[in-house]
Amino acid sequence: MQPLLAGLDLADTMVTFNAPHSQAAHTCFLVADKKAHYIAVFKDNQALLCSHLKHLSWRDVLLDRTRATVHGRAKARHAKTCTVARGLASRPPPH
């Protein structure tokens with residue numbers, strides 16, 4: 001991701017990416033070097049990050065539910081999204 005974005009001015013720009021790019025090095029690059037904001041998908045295969053995220057007040061966050069039929073199969077997705085600011089979690093994730 002970094003070589004692709006290195007030459008771009010991303011100050012105050014929102015960057016989105018999926019789970020394979022949800023790495024501390026990428027988020028640090030976006031926030032510290034490029035002065036950008038991001039929306040990321042995190043999965044539970046990152047133990048330290050998941051530990052940080054578990055300390056947020058998820059009970060106060062609304063659950064978004066979607067259902068669809070894709071290629072003849074019923075799919076249900078459940079997602080909770082929130083903004084994480086410094087001071088919200090006892091151990092916040094980097095950036």
Taking NZ in K80 as the centre, count heavy atoms belonging to other residues, nucleotides or ligands within less than 6.0 Å. Is the count above 12? yes
F29 CZ to K34 NZ distance, which is reported to the nearest 0.5 Å: 5.0 Å
Out of curiosity, does V41 fall in the hydrophobic cluster containing V15 (side-chain heavy atoms, cut-off under 4.5 Å, transitive links)? no
Could you measure the distance from the NE2 atom of H26 to the CD atom of Q2? Nearest 0.5 Å is fine. 5.5 Å
Any sub-3.5 Å donor-acceptor pair from K35's side-chain atoms to D12's backbone N or O? no
Between L5 and L10, is a side-chain contact (heavy atoms from CB on, under 4.5 Å) present by the stated rule, with each step listed? CA-CA 8 Å; L5 301 177; L10 298 176; 4.1 Å; yes
Kindly compute the distance separating CG (N18) from CD1 (I39), expressed to the nearest 0.5 Å. 13.0 Å
Can L63 and R65 be said to form a side-chain contact (heavy atoms from CB on, under 4.5 Å), step by step? CA-CA 6 Å; L63 177 64; R65 297 179 179 156; 3.1 Å; yes
Nearest 0.5 Å, what's the OH-OG1 distance between Y38 and T27? 4.5 Å
May I ask you to check whether over 12 heavy atoms, not counting those of D44, lie within 6.0 Å of atom CG? no
